[in-house]
Every structure is written in C-alpha cells, then in structure tokens.
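Sequence lines set the chain letters: A, B, ... in the order given, protein chains first and strands last, and positions in each chain run from 1. We use all heavy atoms of the structure for the numbers below, so side chains are in, but hydrogens, waters and symmetry mates are not.
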Number of protein chains: 2
Amino acid sequence: MKQRSSIIGSVEALPHRVASHLSREIEGGDIIPGARLPTESQLADKFGVSRNVVREAIAQLRADGMIEARQGIGAFVMAPEQRTAIRIDREALKDQRNMEQLFELRSILETESATFAAARCASDDLDAIKAALDRMGGEERWEDGSIEADLLFHRAIARATGNSYIYTFISFVCEQIRQSIHYARLTNPLHDLVEVNVAEHVRIYDALAAHDPQAAGEAMRRHIEGAAARVGVELTAKLNRGK
Amino acid sequence: MKQRSSIIGSVEALPHRVASHLSREIEGGDIIPGARLPTESQLADKFGVSRNVVREAIAQLRADGMIEARQGIGAFVMAPEQRTAIRIDREALKDQRNMEQLFELRSILETESATFAAARCASDDLDAIKAALDRMGGEERWEDGSIEADLLFHRAIARATGNSYIYTFISFVCEQIRQSIHYARLTNPLHDLVEVNVAEHVRIYDALAAHDPQAAGEAMRRHIEGAAARVGVELTAKLNRGK
DNA sequence: ATCATACGGTCATCCTACAACTGCGCAAGT
DNA sequence: ACTTGCGCAGTTGTAGGATGACCGTATGAT
C-alpha cells in the first residue's frame with residue numbers, strides 16, 4: 001500500500017480512530033452544536049486517510065445522533081441531548097471521579113432492580129439467581145469464573161424485574177465497570193474478600209426469596225457500596241457534601 | 001446511477017437500512033452470538049448494494065459492539081451483554097408494554113436524581129431549575145414550548161446531582177419518550193392539564209429548594225407517575241402482580 | 001423586479017484495485 | 001512420521017476515482 005503519514009497514532013482501525021478524534025473534538029466543545037463539519041474530502045486530507053475511511057467514521061457518529069449529514073450541504077453537529085445512543089468513554093473511567101459517578105448510577109439502578117425483583121420474581125427467576133450464587137460460591141478464589149458468576153447474578157436479578165430496559169441498562173453499566181477494573185484488579189488481589197462478597201450476595205438472595213423488597217434493596221445498596229470500596233471507590237461520602 | 005433492485009424498502013439511507021436489517025436479524029436470534037456473518041461481498045449481493053454500503057453498515061454495528069470484524073477471517077456476532085452502546089428501538093416503543101417499562105426506568109432514575117439533587121444542589125443549580133419552571137408556567141397551553149421547558153427542568157435537576165452519567169442517562173430516556181409520544185399527543189390534547197403538571201413541578205422545586213431529599217424524591221415519583229398516566233401509561237399496577 | 005436556469009459544492013453510492021492478514025494444504029527437509 | 005516453510009485462496013482494510021442526487025447561489029432572460 002502507498003505510504004501515508006497519518007497524524008493520529010497507534011493500533012486501532014482507521015475509521016475508529018477518526019471517529020474517536022472527531023468525537024473528542026465535539027465532546028470537548030471544539031465544534032459547537034449546529035456547526036458544520038469540514039467536508040469529507042477535507043477531513044480525509046486532514047487525517048491522511050481516504051474518503052472511504054472518513055465516511056465510515058461519520059457513519060458511526062451519525063448512528064449515535066452525534067452528527068447529522070445532509071446531502072448536498074454538509075454534516076452538522078447535533079446537541080448532546082438528542083443522541084440516539086448512550087456510549088461510555090472507557091478512557092474517562094480511568095479518572096477516579098468518573099468511576100465514582102458510574103458506581104453511583106449503578107447503585108441507583110441495582111438497588112431499585114433488587115426492590116422490584118423482590119416484589120415480582122417468580123420461582124424460575126429465583127432458580128437462575130441461585131444458580132449464579134452457587135457457582136460464585138463454588139470458586140475458592142475471586143477470579144474470572146467468580147466475576148462471570150457475579151455478573152450473571154446481577155443480570156438474573158435485573159431480568160427478574162420483568163423490565164427489559166432495566167436489564168439492558170444494568171448489563172451495560174456492569175460490563176463497563178468490569179472491563180475498566182479488570183486490569184487494575186491484578187495489582188490488588190481480593191482473594192481474602194471472597195467470603196465477604198459471597199455473604200453479601202447471599203443476603204440479597206435471601207431477601208429476594210422472602211419477597212421482601214425493602215430488605216432486598218437495602219442489601220443490594222450495601223453490596224454495591226462494598227463492591228465499590230473493594231476496588232478503591234468511595235461512594236457514601238459524596239452524599240453529605242455540596243457541589 | 002445504475003438501476004439496482006434492492007430487497008429492502010423505503011426512505012432511509014442505504015447503510016442505515018442494511019444496519020437495521022442485520023441488527024434485527026441478530027436481535028431476533030437468526031444469527032446466534034459467535035456465528036460468522038456472510039462476507040461483505042455476499043451481503044452486498046444479498047441486499048443489492050455495493051460493498052461500500054455494507055461496510056458502513058457494519059461500521060455502525062461494530063461501534064455498538066454488536067459484531068466484531070477480524071481482518072482476513074470475517075465478522076462475528078457478539079453476545080448482547082458486551083455491547084458498548086445502549087440504543088432504544090423507537091419502533092418497539094409503540095408497544096404499550098415497552099413504553100410502560102421505559103417509564104418505569106425513568107421513574108427510578110428521576111426519583112433518585114431528585115433525591116440526590118436535593119442533597120447537593122447549589123444556588124446556581126436552583127436558579128437553572130427555577131428558570132425552566134418559570135418558562136413552563138409562562139405558557140398558557142401545553143405545547144412545544146412547554147415540552148422544551150419541561151425537558152430543561154428535568155435535565156437541570158439531573159445536572160444538579162453533579163453526576164454526569166445520571167444526566168446523560170436521564171436526558172437520553174426522556175428524549176426517547178418525548179419523541180415517541182410526540183405524534184400521539186396530537187390526538188389527545190392536554191391543555192386542561194397544564195395546571196396539574198405545573199403544580200407537580202412546583203412541588204418538586206420547593207422540595208429541592210428546601211434541600212429535602214425524601215420529599216423531592218417522592219414528589220418526583222408522583223410526577224412521573226402522573227406524566228405517564230397523562231399519556232395513557234399506567235405504572236403502579238405492575239408492582240402488585242407477579243410476572 | 002421576478003422567475004427559470006446553470007453551475008459549483010457536497011454528500012451518496014458505486015466500482016476497481018491493492019494491501020494486510022488468516023487459515024490451510026502441500027512439498028521439501030529432518 | 002514429523003516438522004518446517006512457502007504459497008495460495010479467501011476476507012477484511014484502505015485507496016482513489018467516477019457518477020448520481022441534492023442544495024444554494026449566481027446568472028441571465030423576461
């Protein structure tokens with residue numbers, strides 16, 4: 001292939017790199033909503049790629065509602081409120097404060113998830129939750145298998161709410177958190193905390209099985225707080241101070 | 001342009017149509033996670049478009065983590081849990097039950113949003129919320145201006161939580177709901193309900209201004225329930241029955 | 001002054017060619 | 001028989017050019 005000098009670095013595929021670059025420019029406010037982007041040809045020149053690559057990048061951003069392309073005129077930046085998709089920047093989660101906020105959101109979702117599930121769950125829902133719990137307890141160390149079972153446990157509860165959106169949102173948030181703390185966990189082994197973790201899950205399960213919404217919600221809230229603390233994220237402190 | 005006979009219909013841009021078609025095939029389970037997609041050339045033939053269009057469609061799905069393409073091998077369907085984006089099918093919201101579920105999720109998010117905001121909001125946050133409230137009350141009929149102010153009100157509260165993810169998620173959910181009920185509203189004018197709606201918002205604002213988290217949360221919960229009822233969606237009933 | 005038309009710019013789509021990568025088979029060497 | 005290396009076919013990734021569709025504006029005729 002012809003040698004090209006690209007202004008953007010590293011490993012990812014070209015369209016993704018261009019999309020990320022544009023996305024950051026938009027998020028960062030370098031291009032304000034309503035403004036027109038450079039033409040595809042100009043972007044192709046700027047990034048040192050073909051117009052095809054630029055179009056694929058724009059296709060991604062357009063699917064998210066971040067920009068709107070109008071034939072014969074150009075592509076325009078949309079207001080952040082009218083996005084058609086939610087996407088979480090994995091890079092941003094390396095910042096401790098963002099991780100705190102995401103855990104806070106997770107706490108909200110999961111607490112209510114457990115509350116609703118306790119009120120609604122059927123016996124087969126409980127079976128699925130129990131199965132995940134057993135698998136979690138079966139492992140003697142907190143490693144990949146346990147983490148997988150942990151996710152299964154929380155997803156099974158979310159599914160037991162009977163609300164597919166709750167399930168989708170919780171799955172998504174949990175997955176983002178998992179992937180972000182995966183590498184960090186290696187430097188901070190948690191093997192000795194397995195019992196604590198499993199005990200918290202058992203408490204949640206018992207409340208669900210007893211169909212006690214309030215107890216389930218409370219147990220879940222404590223569990224998320226504990227889980228956050230175990231990866232070095234403090235939640236409760238923020239409630240008591242102003243902005 | 002050369003005449004082509006496409007197997008897929010209507011108005012949208014080609015890549016979007018192809019992406020939707022593939023997306024539905026995947027969601028519908030026609031292609032199970034882990035399976036390989038047909039090659040780009042085959043898809044191009046199948047849909048009656050060029051390979052370029054197929055690539056743009058795949059670029060979108062890839063950005064969502066729905067499929068993963070590996071050079072030299074092919075494209076593979078990913079498990080739904082490892083999506084990197086949340087997207088809500090506007091079509092699905094025409095089903096009343098899905099709308100109920102989305103309102104339920106909104107209720108959860110907004111209730112906690114108000115609770116947190118009451119505990120944390122600063123004076124400039126309150127100013128922004130008050131401004132939206134005044135603008136809402138300024139209109140004598142519930143129309144576009146009021147709806148815009150309504151969204152502003154809820155977003156201002158979400159912003160006052162100081163949690164950007166809460167803001168993003170609430171903005172997203174509210175926008176999805178707004179766009180879905182926009183046309184339906186025309187057949188069901190709500191002009192006479194403006195006072196009720198504004199009164200509910202005032203109650204929320206008062207609780208926020210008084211920094212009373214519990215009252216704010218409760219007022220918000222009732223408001224969302226009321227708002228749902230006003231567009232023909234019933235929420236509370238579901239809590240009392242099993243799946 | 002008004003309206004129809006022409007023109008350039010831009011996105012949309014198509015096409016072809018080539019590069020990079022993978023998996024597999026085959027043949028030569030051990 | 002086993003290993004190693006090479007090449008081939010298939011697939012995605014990227015480049016670049018050509019043409020159609022659409023928009024805004026300038027131009028010119030009425």
Quiz item: Would one find a side-chain N or O of B/Arg17 under 4.0 angstrom from OP1 or OP2 of C/dT13?
Solution: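 No, no such contact exists.
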
Practice problem: Identify the heavy atoms of B/Ser23 and B/Leu61 that sit nearest to each other, and give their distance. | Solution: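 Nearest pair, atom of B/Ser23 first, then B/Leu61: CB-CD2, 4.2 Å.
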
Exercise. Pick base, sugar-phosphate or nothing for B/Arg70, based on heavy-atom distances below 4.0 Å to the nucleic acid.
Key: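 Result for B/Arg70 = sugar-phosphate.
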
Quiz item: Is there a donor N/O on one and an acceptor N/O on the other, under 3.5 Å, for the side chain of A/Gln71 and the base of C/dA12?
Solution: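 Answer is no: no donor-acceptor pair is held.
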
Self-check item: Earlier contact from the 5' end, DNA chain D, for B/Arg51 and A/Ile73
Solution: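 Comparing both residues, the 5'-ward one is B/Arg51.
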
Exercise. Take B/Asn52 and B/Ser41, find for each the nucleotide of DNA chain D with the closest heavy atom, and name the residue whose nucleotide sits nearer the 5' end.
Key: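 Checking each residue's closest nucleotide, the 5'-ward one belongs to B/Ser41.
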
Quiz item: Do B/His21 and B/His16 have ring centres separated by under 6.0 Å?
Solution: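 No.
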
Quiz item: Between C/dC15 atom C1' and B/Arg55 atom CZ, what is the distance in whole Å?
Solution: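 Atom CZ in B/Arg55 sits about 15 Å away from atom C1' in C/dC15.
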
Self-check item: A/Glu68 CD to C/dA12 P, straight-line distance once rounded to whole Å
Solution: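 That distance rounds to 10 Å.
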
Quiz item: Among side-chain atoms of B/Glu81 and A/Tyr167, is any donor-acceptor pair under 3.5 angstrom?
Solution: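 Judged by distance alone, the side chains do pair up.
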
Quiz item: Choosing from D/dA15, C/dC14, C/dT10, which nucleotide comes nearest the side chain of B/Val49?
Solution: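 The nucleotide sitting nearest to the side chain is C/dC14.
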
Self-check item: Side chain of A/Ala69 - closest among D/dT14, D/dT12, C/dC11
Solution: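 Side chain of A/Ala69 sits closest to C/dC11.
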
